[in-house]
Amino acid sequence: EIRLSLVGSEMCIRDRSDIIQAAQMCESMRNKVESIRLRQKDSTAINNSLSLSVGVSQMREEDTNESILTRVIKAQEKASQTGSNKVVVG
């Protein structure tokens, strides 16, 4: 079971995977986004400017929805601030 929540530019993916599987899934998603090629309307030029910065964290016993989302957002911000287009586990 995978549930997706989109809040602004942050996406929280919750499933029953462990942290390594979740990070691998996000890395696969990041690679797919990075491989998308866009062509500007009425142009033959191809723009390769899509990237995805992802924060991943594992639910802890004491977590609330708010605390896990806060940790994910902090990890995503770190990914964006340290070069973007990467997956950071937090």
Side-chain angles (χ1 to χ4, degrees):
E1 170 187 348
I2 297 178
R3 295 184 293 167
L4 300 175
S5 304
L6 189 60
V7 182
S9 62
E10 288 79 32
M11 179 173 55
C12 180
I13 300 172
R14 291 194 208 168
D15 68 6
R16 296 183 181 167
S17 303
D18 66 25
I19 192 73
I20 294 170
Q21 290 173 324
Q24 289 171 341
M25 181 179 69
C26 290
E27 182 63 25
S28 175
M29 223 176 11
R30 190 200 62 75
N31 282 324
K32 287 177 183 174
V33 167
E34 185 179 43
S35 71
I36 295 171
R37 301 295 183 255
L38 300 175
R39 186 172 299 157
Q40 191 173 12
K41 190 175 181 178
D42 301 326
S43 174
T44 58
I46 294 176
N47 184 356
N48 181 22
S49 63
L50 290 180
S51 65
L52 182 64
S53 297
V54 182
V56 180
S57 190
Q58 189 165 27
M59 193 83 163
R60 300 174 186 158
E61 190 174 316
E62 69 276 5
D63 272 330
T64 63
N65 287 338
E66 185 176 319
S67 65
I68 183 70
L69 187 56
T70 297
R71 219 170 31 257
V72 169
I73 290 169
K74 285 182 181 179
Q76 186 274 331
E77 288 171 348
K78 184 175 180 181
S80 293
Q81 294 168 354
T82 59
S84 75
N85 201 31
K86 64 172 75 171
V87 176
V88 171
V89 176

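Residue pairs meeting the salt bridge (Lys or Arg N to Asp or Glu O under 4.0 Å) criterion with at least one partner in residues 23-32, sequence neighbours excluded, are Glu27-Arg30, Arg30-Glu34.
Atom NZ in Lys74 sits 11.5 Å away from atom CG in Leu69 (nearest 0.5 Å).
What you find for Val72 and Gly55 is that their closest heavy atoms are CG1-O, 3.3 Å. Of all heavy-atom pairs spanning Ala22 and Val56, the tightest one is CB-CG1, 3.9 Å. Here the closest heavy-atom approach between residue Arg71 and residue Gln58 is recorded as NH2-O, 3.0 Å.
A donor-acceptor contact shorter than 3.5 Å links the side chain of Ser57 to the backbone of Gly90. Here the side chain of Asn85 pairs a donor or acceptor atom with the backbone of Leu52 at under 3.5 angstrom. Between the Gln81 side chain and the Lys78 main chain, no donor and acceptor come within less than 3.5 Å of each other. Distance alone, capped at 3.5 Å, is enough to place a donor-acceptor pair between the Thr70 side chain and the Glu66 backbone.
Thr82 and Lys86 form a side-chain donor-acceptor contact under 3.5 Å, judged by distance and modelled atom types alone.
By the 6.0 Å contact criterion, CD on Glu62 is enclosed, its count of non-hydrogen atoms from other residues, nucleotides or ligands being greater than 12.
Cluster annotation: Met59 and Val88 are assigned to distinct hydrophobic clusters (Ile/Leu/Val/Met/Phe/Trp/Tyr, side-chain heavy-atom contacts under 4.5 Å, transitive).
Residues passing the side-chain contact (heavy atoms from CB on, under 4.5 Å) test with Ser80 are Ser53, Gln76, sequence neighbours excluded.
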